[in-house]
Amino acid sequence: MDSQPDGTTSAQGGSSPMQCAVGIMAYNEASNIATAINSILNQGYGFCELKEIIVVASGCTDDTVAIVNNIAKDEPRVRVVVQEQREGKASAINIFLSEARPEARPEARADFLIMASADVKLKEGTLAKLLAPFQDETVGMVGARPIPVNDEQRFLGHAVHLLWDLHDRVARESPKLGEVVAFRNVVPNIPIDTPVDEISIQAFITQMGYKLVYEPQAVVYNRGPSTVSDFIRQRRRIYSGHLRIQKQQAYSASTMSVPRVLRALLESKPFTSPRATAFTIGAIGLEGISRALGAYDNLANRQHYLWQISTTTKFNITEVAAPTLQSVLAFRVDNFHQHEIELGGRGAQQLMQQVDAVMRHHLGGRGSITHGLDGTIVMTAPLDRDSADQLAATLVADLAATPFHIGGRQDGVSIQVSHGIITFQQPGTVAATSVVTSVAPMGPVAPATSV
């Protein structure tokens with residue numbers, strides 16, 4: 001393995017996986033803590049191995065600790081560290097950093113640390129994508145892409161989506177990392193009074209000479225504020241925290257650049273309708289008010305590290321995040337009419353029944369399948385675009401490699417299948433489309449198109 005500046009080793013040139021640990025800082029997170037932990041446990045970790053999930057429960061007065069302990073009974077990689085009094089998230093993070101030091105628990109040594117909020121849900125495959133860039137030894141920290149589950153048709157939902165869209169656009173140009181981050185285990189601690197912990201770590205990693213990477217394919221679902229007071233409170237704290245980091249650590253987040261944000265705003269085309277225009281102007285107004293209050297707090301040396309919780313961000317996220325996307329996969333057996341001629345009507349029907357059985361096996365009860373008399377099969381499943389593409393590619397390859405035995409024939413019938421996919425948000429708005437990745441044109445079944 002290759003040696004690192006921090007004394008760790010690289011997966012390049014060796015077969016042993018690197019080790020990682022996850023930290024979740026929690027204050028009264030009973031509504032979502034199990035969802036957050038399970039979405040982490042159910043991840044693939046690529047070239048890394050998960051050693052443990054450490055939940056730092058700070059002054060919790062609800063069932064957070066009991067829920068985590070219940071999970072830990074069946075999952076030895078999960079443990080909870082109780083901080084009797086809430087002293088701020090930065091304090092909880094420093095406990096996690098201390099617990100994850102190699103000398104603290106050599107048997108659970110972690111080369112990389114992952115920090116996740118307790119009120120989020122990770123998309124499947126997120127952590128493998130988040131950790132992959134570390135195979136480059138110059139990379140020190142990687143951040144995921146947060147996607148809010150708020151209703152975009154409402155004013156504050158629009159404001160939250162707009163803010164995270166701007167964050168995404170700016171971060172692709174100049175990484176600004178948050179919500180779920182991974183970094184090399186080289187950070188001893190962060191300032192106890194910072195209310196923007198990820199930026200404190202980002203500043204430390206950058207000043208050590210490492211590169212930052214923003215990975216938009218690593219998706220984490222979160223929930224933004226749904227009341228004006230919660231929105232202003234949250235944005236005020238964040239802006240004040242950024243100003244404090246500029247003083248304490250001589251580091252400025254890329255989202256603090258007004259020209260960058262304005263350029264991203266224009267690129268997002270937020271004025272596409274009268275309602276969108278009104279909502280966008282309102283969101284800009286709220287952000288302006290929040291930044292003005294944050295600047296005042298910074299001048300007055302008002303501390304935000306022990307902040308008032310925005311309660312509307314703390315509801316369980318599963319019901320909204322999990323079913324957001326739906327995919328329709330349309331398949332067609334190529335040259336089906338030729339198969340009808342060769343096999344006869346009953347034989348062609350048997351062929352379709354066997355094809356249907358193979359597809360149902362791969363679908364695994366996640367959706368529904370219907371098929372017509374012309375060799376078409378339509379599958380509906382709660383899958384995002386990437387997952388639908390993977391399922392379709394697997395099905396096309398499997399069906400092409402399967403000899404179908406019809407009516408006692410010794411020689412199996414081989415088929416080729418074309419397909420198209422449309423992925424859309426369940427309320428009805430198309431969110432993404434796919435191209436046909438088949439071996440032949442779809443024929444009467446049209447390829448996926450934008451709507």
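Numbers here are sequence positions counted from 1.
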- request: Using the side-chain contact (heavy atoms from CB on, under 4.5 Å) rule, pick out the option among N185, D111, L50 that qualifies with Q19.
  value: D111
Backbone N/O of A388 and side chain of S327: donor-acceptor pair under 3.5 Å: no
- request: List the steps, then state whether side-chain contact (heavy atoms from CB on, under 4.5 Å) holds for R291 with E287.
  value: CA-CA 6 Å; R291 290 197 173 204; E287 178 69 8; 3.0 Å; yes
- line: For A128 and G46 the tightest heavy-atom approach is CB-N, 3.8 Å
query: CZ/R223 to CG/D119 distance, rounded to the nearest 0.5 angstrom?
result: 9.5 Å
message: Measuring only between side-chain heavy atoms, which start at C-beta, is L286 closer than 4.5 Å to F155?
response: yes
field: Test ring-ring contact (aromatic ring centres under 6.0 Å, His included) applied to F134 and Y45, F47, F112, the passing residue
entry: F112
query: Where do E99 and R79 land on the side-chain contact (heavy atoms from CB on, under 4.5 Å) test, with the steps shown first?
result: CA-CA 11 Å; E99 291 285 329; R79 66 186 178 101; 3.0 Å; yes
message: Quick check against the 3.5 Å criterion: does N28 have a side-chain atom that pairs as donor or acceptor with the backbone of T61?
response: yes
message: Name the residue from R244, R237, R236 that meets the salt bridge (Lys or Arg N to Asp or Glu O under 4.0 Å) definition with D297.
response: R236
message: Do V160 and W164 have side chains that approach each other closer than 4.5 Å (heavy atoms only, starting at C-beta)?
response: yes
statement: In terms of heavy-atom contacts, E137 and Y210 come closest through O-CE2, 3.7 Å
message: Which heavy atom of T126 sits nearest to which heavy atom of V219, and what is that distance?
response: OG1-O, 2.6 Å
Value rounded to 0.5 Å, distance of CD1 in I114 from CD in Q43: 9.0 Å
- request: Might you point out which heavy atoms bring Y214 and K176 nearest each other, and give the distance in Å?
  value: CD1-O, 4.4 Å
query: From M25 CE over to Q83 CD, what is the distance, rounded to the nearest 0.5 angstrom?
result: 11.0 Å
message: Applying the side-chain contact (heavy atoms from CB on, under 4.5 Å) criterion to I24, which one of I54, V55, V80 satisfies it?
response: V55
field: Y296, OH: over 12 other non-hydrogen atoms inside 6.0 angstrom
entry: no
query: So do the side chains of I205 and V186 get within less than 4.5 Å of each other, counting heavy atoms only?
result: yes
message: Is a donor from one side chain sitting under 3.5 angstrom from an acceptor on the other, for Y239 and N298?
response: no
query: If every non-hydrogen atom of N32 is compared with every non-hydrogen atom of A118, which pair is closest and at what distance?
result: ND2-O, 3.2 Å
- request: Please assess R235 against I238 for the test side-chain contact (heavy atoms from CB on, under 4.5 Å), listing each intermediate value before the final yes or no.
  value: CA-CA 5 Å; R235 299 301 301 167; I238 290 171; 3.9 Å; yes
- prompt: Any side-chain heavy atom of H161 sitting closer than 4.5 Å to one from F279?
  reply: no
task: Compute whether any side-chain donor of one residue and acceptor of the other, for E29 and T64, lie under 3.5 angstrom apart.
output: no
message: Given 3.5 Å as the limit, does a donor-acceptor pair link the side chain of D230 with the main chain of S226, or not?
response: no
- request: For residues L130 and V181, report the shortest heavy-atom separation together with the two atoms involved.
  value: CD2-C, 4.2 Å
query: Is any side-chain heavy atom of I201 closer than 4.5 Å to a side-chain heavy atom of M115?
result: yes
query: Going from CZ on R101 to CG on L113, what distance comes out if it is rounded to the nearest 0.5 angstrom?
result: 10.5 Å
query: Do other residues, nucleotides or ligands put more than 12 heavy atoms under 6.0 Å from E124 CD?
result: no
- request: Please round to the nearest 0.5 Å and tell me the distance separating atom CG of D398 and atom CG of L391.
  value: 10.5 Å
field: Approximate separation, where rounding is to 0.5 Å, of I53 CD1 and R77 CZ
entry: 7.0 Å
- request: Give a yes or no on whether the backbone of D168 and the side-chain of R145 come within a donor-acceptor separation of less than 3.5 Å.
  value: no
task: Evaluate the side-chain proximity of L127 to L122: yes if any heavy-atom separation is below 4.5 Å, no if none is.
output: yes
message: Can you tell me if R154 has over 12 outside heavy atoms packed within less than 6.0 Å of its CZ?
response: no
- prompt: Taking D63 for the side chain and A30 for the main chain, is one N or O donor matched with an acceptor at less than 3.5 Å?
  reply: no
- request: Check for a donor-acceptor pair, side chain of Q202 on one end and backbone N or O of L177 on the other, with a separation under 3.5 Å.
  value: yes
- prompt: Can you tell if the side chain of N222 reaches within under 4.5 Å of the side chain of S117, non-hydrogen atoms only?
  reply: no
query: Are the charged groups of E173 and R169 less than 4.0 angstrom apart, N to O?
result: no
message: When you measure from the side chain of S254 to the backbone of S174, do you find a donor-acceptor pair of N or O atoms at a distance under 3.5 Å?
response: yes
query: Quick one: does Q249's side chain get under 4.5 Å of P191's, heavy atoms only?
result: yes
- prompt: Could you walk me through whether L265 and L162 pass the side-chain contact (heavy atoms from CB on, under 4.5 Å) check?
  reply: CA-CA 8 Å; L265 179 64; L162 178 61; 4.1 Å; yes
